[in-house]
Amino acid sequence: MAVGDVARRSPAGPGVRPPSPDLEPPLRHVIEAQQFSPDLLERIFERAEGMRRHPGRFAGRLRGRIMAALFYEPSTRTRLSFEAAMLRLGGQTIGTDNAREFSSAAKGETLEDTIRVVAGYADVIVLRHPEEGAAARAAAVSDVPLINAGDGKGQHPTQALLDLYTIQRELGRLDGIRVAMVGDLANGRTVHSLAYLLSRYRGVRMWFVAPPEVAMRPEVKAHLDGLGVPWAETQDLEAVLPEVDVVYQTRIQRERFADPASYPALEGRYVIGPTQMGRLGPRAIVMHPLPRLNEIDPAVDPDPRAAYFRQARNGVQIRMALLDMVLS
Ligand code: CP
């Protein structure tokens, strides 16, 4: 990258794809992106693509099975796309929005006790929780598969799976892609999971474009260094735009700030608008896990390179594939 403000660059060299085990264990809990091998990723994407092309073949596949959705934080896409996925496969759903207020957590019940009980009512649990590590804690006591639908500032592995699936569908490849992650890279769980997944592919390069206050987490960068995956850290979005295949824009996560006074200085720092689209390659795409605030100008929406609403729709097929795999 020909920019002068790169704060840090990993050792040069091609990304290394770790060897796959001969026999994959069946998929049970979905907790973090690092658990997915390239072979398992391929199997998930193939199943999702099959479900997209032949929805009728899968319509009754999970008949009689129940998915419990326990959401202790707000959600539109993850909650509703999991529900849609289960219903499209013929299953049923139970659950609670705002579980902090409307479940017995409000009376002081521990997460572990809630999971032990709900595992007796459902065949799979989808959990969103404000505490990092909550999904792993829950899985440790769950008798049924547990899927992490976002644990605080930690990870959001199913979002990263649909992100990767979107890149593959939009660009036709994953090896060799160049991705800029932009915005709140410290608190945004989607970018943590996505960086781990991308590190599985050959020749991938990443740019982390963020104010220093919300820079990418050190453990993610250490993971990339360990695999020899090249990355660069910069504040200069304009310089990065012509270099990349994917701009992955994110929201500054106001709700994660210990000191709300620091939010206004960061909000609006990086905005993708018509000027920025003019610097992007003709086949590059703009992604966003959504919801967006002002970090992508709605004037960009009609541009065919704006992939974020297609990305959100891909969540249904990916979550259908995951539910099918953990319940098969
Ligand atoms: N991308 C995402 O996780 O969106 P929701 O918070 O609406 O589920």
Side-chain angles (χ1 to χ4, degrees), residues 30-33 36 44 48 67-88 93 95-102 124-135 138 146-167 169-170 179 181-198 214 246-257 272 285-296 298 301 306-323:
V30 175
I31 305 301
E32 60 178 15
F36 292 95
I44 292 168
M67 180 191 90
L70 288 178
F71 277 61
Y72 292 75
E73 280 190 334
S75 170
T76 297
R77 279 145 290 275
T78 312
R79 170 76 197 260
L80 294 179
S81 64
F82 261 115
E83 288 203 17
M86 194 63 182
L87 294 173
R88 285 184 188 279
T93 69
T96 174
D97 290 322
N98 195 359
R100 269 199 273 202
E101 213 177 308
F102 296 134
V124 57
I125 298 173
V126 178
L127 174 70
R128 171 166 289 188
H129 199 277
E131 288 169 28
E132 191 169 345
L146 188 129
I147 300 178
N148 180 4
D151 61 337
K153 302 176 187 176
Q155 287 215 27
H156 194 349
T158 70
Q159 174 72 43
L161 289 169
L162 77 89
D163 294 340
L164 217 55
Y165 177 59
T166 299
I167 295 170
R169 293 198 91 245
E170 297 277 331
V179 180
M181 299 186 194
V182 185
D184 188 346
L185 307 185
N187 301 307
R189 53 197 172 200
T190 68
V191 287
H192 305 154
S193 295
L194 182 58
Y196 285 121
L197 284 192
L198 285 168
V214 288
V246 178
V247 177
Y248 192 96
Q249 175 67 303
T250 66
R251 174 177 66 91
I252 302 291
Q253 309 243 321
R254 177 174 29 194
E255 68 275 23
R256 308 270 181 226
F257 281 55
I272 304 288
I285 56 170
V286 179
M287 298 175 66
H288 192 308
L290 304 177
R292 74 170 153 188
L293 299 182
N294 60 357
E295 63 275 359
I296 298 180
D301 295 355
Y308 29 92
F309 292 120
R310 297 191 292 276
Q311 176 187 355
R313 281 197 289 274
N314 289 336
V316 175
Q317 281 81 30
I318 283 293
R319 287 166 175 138
M320 285 172 77
L322 283 174
L323 288 169

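Ligands are counted one by one from 1 in listed order, and the atoms in each one are counted from 1 as well.
- Looking at R77, R189, H156 and measuring to atom 3 (O) of ligand 1, the nearest heavy atom belongs to H156.
- The distance from ligand 1 to the heavy atoms of L290 drops below 4.0 Å at these ligand atoms: 1 (N), 2 (C), 4 (O).
- Polar contact check, P291 against ligand 1: no nitrogen or oxygen pair lies under 3.5 Å apart.
- Listed by chain and number, the residues in a side chain to side chain donor-acceptor pair (under 3.5 Å) with T93 amount to none (sequence neighbours excluded).
- Using modelled atom types, one finds no donor on one side chain facing an acceptor on the other under 3.5 Å when comparing D151 with Q155.
- Around atom 2 (C) of ligand 1, the closest heavy atom drawn from T78, T158, T76, T190 belongs to T78.
- A donor-acceptor pair under 3.5 Å is formed between the side chain of R189 and the backbone N or O of G152.
- Side-chain N/O atoms of N148 and E32 include no donor and acceptor closer than 3.5 Å.
- Taking every non-hydrogen atom of R128 and a distance limit under 4.0 Å, the qualifying atoms of ligand 1 come out as 3 (O), 5 (P), 6 (O), 8 (O).
- Atom 1 (N) of ligand 1 has as its closest protein heavy atom P289 O, 2.8 Å.
- In this model, no donor atom of one side chain and acceptor atom of the other lie less than 3.5 Å apart for R251 and H288.
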